[in-house]
Every structure is written in structure tokens, then in C-alpha cells.
**Q** 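My questions will all concern the structure given below.
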Amino acid sequence: MQEPGGNGLEILNGIQYVRPGNGFVPNFPIFQKIDVNGEKEHPLYTFLKQYCPPTRDEFYDQKKLYYTPMRNRDIRWNFEKILVDRSGMPVRRYDPSTKPDDISKDIQLML
């Protein structure tokens, strides 16, 4: 419920002209929003979460969560990351506070 854009173009326009703005264009594709938890969660996230344990035990304020049911393996917050190997299997899940550079050693081990 934080991202008002629905499809990839709306989200890209928000990034380019609002936040951070100034014509910023990311160097990766932007897709439409999908549900990662709850009854409508995308099958990709059902698959990814079944192989990687959660990074936190607690949930954010449940009054501010807009999905049900809540499950232990749910994605807890934006910017949670899941490392996937070349075969498409999830290898490791990272807390939202993990900086992308901190994942590089795990990627090097996989190469």
C-alpha cells in the first residue's frame, strides 16, 4: 500500500519524476506490483519462501498489514532479498537491512 502505481509504467514515472525524481532512470526493469503474501500471493513467492526461512520472527504492526492470512515465512518488509542460483532454486534470504554489497560474497561462492 506504499506504492501508488499499479503497473510498471506508473511506477517508473513515479521514480523518474517524483521520488527520487530529476529524471532518474533505474538500470533494471520495473514490473507491475504483485502480492508477495496472503491469499493472492504470486506463485513465485510461494515457491521462494518455501525454501528459505524468514529473516525475522516478528511482524510489523499488524494493523498496518493489508493481507491475510499471515504466515511465518511471509516477506516481512520491503527490500527483503532472495538469492537464487542458476537453476532457479532459492539459496538464501536476506533481511531488508542487508546491503546489496553484503551479498556479493555469497554470489562469489556460487560462481
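The figures that follow rest on heavy atoms only: side chains count, while hydrogens, waters and symmetry mates do not.
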**Q** Does N13 have any side-chain hydrogen bond (donor to acceptor under 3.5 Å, both in side chains) partners at least two apart in sequence or in another chain, and if so, which?
**A**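 N13 satisfies side-chain hydrogen bond (donor to acceptor under 3.5 Å, both in side chains) with no other residue.
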**Q** With a 4.5 Å limit on heavy-atom distance, are the side chains of V84 and L48 in contact?
**A**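 Yes, close enough: below the 4.5 Å cut-off.
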**Q** Under a 4.5 Å side-chain heavy-atom rule over Ile, Leu, Val, Met, Phe, Trp and Tyr, are V91 and I103 clustered together?
**A**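 V91 clusters together with I103.
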**Q** Can you run down the salt bridge (charged side-chain N to carboxylate O under 4.0 Å, His left out) pairs that involve residues 37-51, sequence neighbours left out, and say none if there aren't any?
**A**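 Every salt bridge (charged side-chain N to carboxylate O under 4.0 Å, His left out) pair that includes a residue of residues 37-51, provided the two are not neighbours, is E41-K49, K49-D74.
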**Q** Give a yes or no on whether the backbone of G14 and the side-chain of R19 come within a donor-acceptor separation of less than 3.5 Å.
**A**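 Not confirmed, R19 side chain does not pair with G14 backbone.
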**Q** List, one per line, each side-chain donor-acceptor pair under 3.5 Å for residues 5-12, sequence neighbours excluded.
**A**
unit_1: N7; atom_1: OD1; unit_2: L9; atom_2: N; d: 3.0
unit_1: N7; atom_1: OD1; unit_2: E10; atom_2: N; d: 2.8
unit_1: E10; atom_1: OE1; unit_2: G6; atom_2: N; d: 2.6
unit_1: E10; atom_1: OE1; unit_2: N7; atom_2: N; d: 3.4

**Q** Enumerate the ring pair (Phe, Tyr, Trp, His ring centres under 6.0 Å) contacts for residues 8-44, please, sequence neighbours excluded, ordered by first and then second residue.
**A**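 Listed once each, the pairs would be none.
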**Q** For the hydrophobic clusters of this structure (ILVMFWY residues joined by side-chain heavy atoms under 4.5 Å, transitively), does one cluster hold both L44 and M89?
**A**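 Hydrophobic grouping puts L44 with M89.
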**Q** Tell me every residue that passes side chain to side chain contact (heavy atoms under 4.5 Å, CB included) with V18, counting only those two or more places apart in sequence or in another chain.
**A**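 V18 satisfies side chain to side chain contact (heavy atoms under 4.5 Å, CB included) with no residue once adjacent residues are dropped.
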**Q** Under the rule for ring pair (Phe, Tyr, Trp, His ring centres under 6.0 Å), what residues qualify as partners of Y51, not counting sequence neighbours?
**A**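 Partners of Y51 under the ring pair (Phe, Tyr, Trp, His ring centres under 6.0 Å) test: F47.
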**Q** Starting at CG of D35, measure out to CD1 of I75 and round the result to the nearest 0.5 Å.
**A**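 Atom-to-atom, D35:CG and I75:CD1 are 12.0 Å apart.
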**Q** Rounded to the nearest 0.5 Å, what separates atom CG in D57 from atom CZ in R76?
**A**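 It comes to 7.0 Å.
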**Q** Tell me the side-chain hydrogen bond (donor to acceptor under 3.5 Å, both in side chains) pairs involving residues 86-95, sequence neighbours left out?
**A**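 Of all non-adjacent pairs touching residues 86-95, those that pass side-chain hydrogen bond (donor to acceptor under 3.5 Å, both in side chains) are T55-D95, R56-D95, E80-R93, D85-S87, R92-D106, Y94-D106, D95-S97.
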**Q** Under the side-chain hydrogen bond (donor to acceptor under 3.5 Å, both in side chains) rule, collect the residues that match up with N78, sequence neighbours excluded.
**A**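 Only Q2 meet the side-chain hydrogen bond (donor to acceptor under 3.5 Å, both in side chains) criterion with N78.
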**Q** If Ile, Leu, Val, Met, Phe, Trp and Tyr residues are connected whenever their side-chain heavy atoms lie under 4.5 Å apart, and connections chain through other members, are W77 and Y67 in the same group?
**A**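 Yes, W77 and Y67 fall within the same hydrophobic cluster.
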**Q** Determine whether P20 and I15 make a side-chain contact, defined as any pair of heavy atoms from C-beta on separated by less than 4.5 Å.
**A**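 Of all side-chain heavy-atom pairs linking I15 with P20, at least one is under 4.5 Å.
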**Q** For K81 and P96, which heavy atoms make the closest approach, and how far apart are they?
**A**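 Heavy atoms of K81 and P96 come nearest at NZ-O, 3.4 Å.
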